[in-house]
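First the proteins, then the strands, lettered A, B, ... as listed; each starts at 1. Please read these numbers as outputs of a predicted model, since none were measured by experiment.
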Amino acid sequence: MKRSPLALFAGLYLIFLYAPIILLPLFAFNDGTIIAFPLRGFTLGWFADLANTPALHEATLNSLIIACSVAVLATCLGLFAARAVTRYKFPLKGGILGFIMLPLVLPEVIVAISLLVVLMLLLPDLPIETGFQIGEYVIVLSVTPDLVLEVSNFHRTVFSFALPLPIILGHTLLCLPFSIAILQGSFQGLDQSLEEAALDLGETRAGAFRLVILPLVTPGIIASLLICFIISLDEFIIAFFLSGNEPTLPVYLWGQLRFPARLPVVMALGTILVTLSIVLLIVADIFRRRGLRRTGQSETGGFL
Amino acid sequence: MSSTPLIQMQDVHKYYGAYHALRGITAEIAEGEFFSLLGPSGCGKTTLLRAIAGFEEISSGAILLNGADMAGVPPNRRPTNMVFQSYAIFPHLSVEQNVGFGLRRSALSVGEKTRAIGEALEMVGLGHLGGRAAHALSGGQRQRVALARALILKPKVLLLDEPLSALDRKMREDMQVELMKLQREVGITFVLVTHDQEEALVMSDRIAVMFEGEIAQLADPEVLYRRPATKRVADFIGVMNFLPATASGRSVEAAGLGVADLAADQMPAGPVTGACTVGLRPETLSILHDGEASKAREASAQIEEVVYYGDMTYYDVRLDGMDTTMRISMRNMVGRDVLDVGARTRVAWDPRAMVVFPD
């Protein structure tokens, strides 16, 4: 069988990329605390250990809350930007878009440090609080810098919820370029007369957007939500710099590396994360392609 | 024609920044008329159509629909509907949902809506395709859906923006006839934008020829073709030969042909004195074969170029004493051979076919 050197190169390249990732599940199912060959035997024990670690659950919940908030925030902002860019002409459009896309190429550690500096500068003025009373309930909204919503009556706290605002904002900054890139594709494919046709047929501007534009960009919106969610979930540097005493999942993982005996557990967690990432990426791309088909465009690259 | 015209355009101007897109358009369109805006790209015809629809705000002047000033009235509140050049079929909806889109806000019951959609689809010959997804339609079917979708609201005016330009030639000719039939059936005023002079001639009751934001001539197709008001209109619509000439009152001497007395309507710009140009359509001239006699007047000439089209032959001939050639189209009839390049011939011409343009 003849193989061209290029095929060989491509093969080696793929091994270089993915062999380390394959090691994760390999050792996650390996019945031994030492990460070395030969493998000792099959076990699900490390995954069971995951279930018995409350600190991990807290970190996971924290990460999920951040990732969901970031996905929604970045996608909303991306929606506005993408529509503005594709639909309207305004001065300095190129420059503005360039600055929004800049975090794509900016070293993340720089962004993280600058955000930390901003946070330090703001800290003396914190917390900022505002509150009001409804009947016997007092509702307090404060920035500590976490965004905290607290509902209490005169005896006790009824409801309390905290959003890690610094990390959410940092991740939004990071995710916005991806969101815009995806949504711009969705908007660019839209024939402008579609909106005009809806107006012509008696709809208001809001109705035209809801009935025609939104359904056609929905696949893009879903793709953007998923991509932003995954980026935020995996992100380490910004989260490391800006998280206080509540680590996100990657930060928690990093902390666990100090204990060699915990390494297989980390491997098990890593396996779950990798699987989740791949599944979400595939789902996101399916939605992106469906969007292209709906607006009658042909395939123009993408993430997968 | 009823007493108030359905559409009145009064000195309509439109500026895009410094660019003057519409320069004082004044015209009236009667109820039930098939009216065309014809012109090259960039002449402002689409801008004018979009202004009638309400997508463009005019800078000055007025557009009245049914006697009511449309200034500030958004597209969704105007008694007009539009067929877009791209058809703008909603790709995420079925054919039925597309056609029924305009009925969303109507007070009709579900049953009445379904019946109206069925009737509209039937009218454009798509009764069997209601359930199909819109993105699975061919170009011609998309156009029919766009028509049904616009007509279901029974607008006062249907605006058509180059509706046939995306179709192939055969389909375009079929749709021209169908559009005319449809217009007669529904009795709605059609305003068509096109750059295709043949399309405009075939379908319209009246045509406004536009250049650079102005109406150059507004007339019915026959007058437009036979008595174009300017050389530019004559050149844009079909082919016309131009000969240098001198005029004095009604008497015109065309170079290479001779002197002729013309009627008043052959001088659309009024009587001319001195140098002018005479225009003659290719089919009003004929090549006389050996032994053929003509009731018309004759001039001798030489054939410079022959283009054979099967049913027709186009000759470029040079009149004796002239530097330039003119085109003559001849029907290829039995017993009349196609002549060769270089042959001597006689050209028959008729003064009644002449149009005089001032230089």
Side-chain angles (χ1 to χ4, degrees), chain A residues 79 82-83 86-93 182-225 286-300, chain B residues 16-17 46 49-50 52-56 73-94 97-107 120 133-137 139 142 145-155 157-163 166:
Chain A
L79 202 60
R83 174 156 163 101
T86 49
R87 182 76 159 71
Y88 301 102
K89 283 182 190 158
F90 48 89
L92 295 179
K93 184 161 120 176
I182 295 168
L183 290 168
Q184 221 183 330
S186 302
F187 276 106
Q188 231 142 33
L190 281 184
D191 179 1
Q192 203 185 307
S193 24
L194 287 176
E195 199 176 347
E196 289 182 347
L199 292 178
D200 189 59
L201 293 167
E203 277 304 327
T204 57
R205 284 210 166 268
F209 186 80
R210 185 172 60 85
L211 293 166
V212 176
I213 306 300
L214 207 53
L216 291 174
V217 296
T218 295
I221 291 175
I222 293 175
S224 162
L225 284 173
I286 288 172
F287 274 102
R288 194 187 59 82
R289 283 172 200 226
R290 182 177 296 174
L292 286 181
R293 258 207 316 282
R294 268 192 182 184
T295 50
Q297 291 182 90
S298 56
E299 182 58 55
T300 52
Chain B
Y16 292 106
T46 298
L49 191 81
R50 291 173 56 83
I52 297 173
F55 294 120
E56 304 281 351
V73 180
N76 50 342
R77 299 192 186 281
R78 296 195 182 196
T80 60
N81 282 114
M82 187 143 163
V83 174
F84 291 82
Q85 186 169 15
S86 62
Y87 308 145
I89 303 296
F90 304 130
H92 56 302
L93 301 179
S94 73
Q97 288 169 322
N98 261 283
V99 173
F101 192 89
L103 297 180
R104 290 181 54 89
R105 284 168 180 268
S106 83
H135 59 77
L137 295 174
R142 279 164 179 272
V145 172
L147 269 171
R149 188 177 70 178
L151 287 172
I152 200 168
L153 292 171
K154 304 199 164 50
V157 185
L158 184 71
L159 306 166
L160 303 113
D161 184 9
E162 307 247 6

K.L.:
So what's closer than 4.5 Å to chain A heavy atoms on B:R77: side chain, backbone, both or neither?
P.N.:
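It is neither, since no heavy atom gets under 4.5 Å.
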K.L.:
For each of A:E203, A:Q192, A:E195, tally heavy-atom pairs with chain B at distances under 4.5 Å, and name the one with the top tally.
P.N.:
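Top option by heavy-atom pairs under 4.5 Å: A:E203.
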K.L.:
In terms of heavy-atom proximity below 4.5 Å to chain A, should B:L103 be classed as side chain, backbone, both, or neither?
P.N.:
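For B:L103, neither part sits under 4.5 Å from chain A.
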K.L.:
Please find the pair of heavy atoms, one from B:S86 and one from A:S193, that lie closest to each other, and give the distance.
P.N.:
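For B:S86 and A:S193, the tightest heavy-atom pair comes out as OG-OG, 2.9 Å.
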K.L.:
Any idea which heavy atoms bring A:I182 and A:S224 closest together, and the distance?
P.N.:
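So the minimum-distance heavy-atom pair works out to CD1-CA, 3.9 Å.
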K.L.:
Quick check on A:K93: does its NZ atom have over 12 non-hydrogen neighbours (other residues, nucleotides or ligands) under 6.0 Å away?
P.N.:
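Count over threshold, so yes.
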K.L.:
Taking atom CZ of A:R87 as the centre, does the number of heavy atoms from other residues, nucleotides or ligands within less than 6.0 Å exceed 12?
P.N.:
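Counting neighbours around CZ of A:R87, more than 12 heavy atoms of other residues, nucleotides or ligands fall under 6.0 Å, so yes.
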K.L.:
In terms of heavy-atom proximity below 4.5 Å to chain B, should A:A208 be classed as side chain, backbone, both, or neither?
P.N.:
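Nothing of A:A208, per the 4.5 Å heavy-atom cut-off to chain B.
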K.L.:
Atom CD1 of A:I213 and atom NE2 of B:H92: how far apart are they, to the nearest 0.5 Å?
P.N.:
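A:I213 atom CD1 to B:H92 atom NE2 measures 8.5 Å (nearest 0.5 Å).
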K.L.:
Please classify the contact between A:D191 and chain B as side chain, backbone, both or neither, with a heavy-atom cut-off of under 4.5 Å.
P.N.:
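Side chain only.
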K.L.:
Against chain A, label B:F90 side chain, backbone, both or neither, depending on which of its atoms sit under 4.5 Å from a heavy atom there.
P.N.:
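For B:F90, heavy atoms of backbone and side chain both lie under 4.5 Å from chain A.
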K.L.:
Would you confirm whether B:Y87, through its side chain, and B:P163, through its main-chain N or O, come within 3.5 Å as a donor-acceptor pair?
P.N.:
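Checked: pair present.
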K.L.:
Examine whether an atom of B:R78 lies under 4.5 Å from a heavy atom of chain A, and if so say whether it belongs to the side chain, the backbone or both; otherwise answer neither.
P.N.:
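For B:R78, neither part sits under 4.5 Å from chain A.
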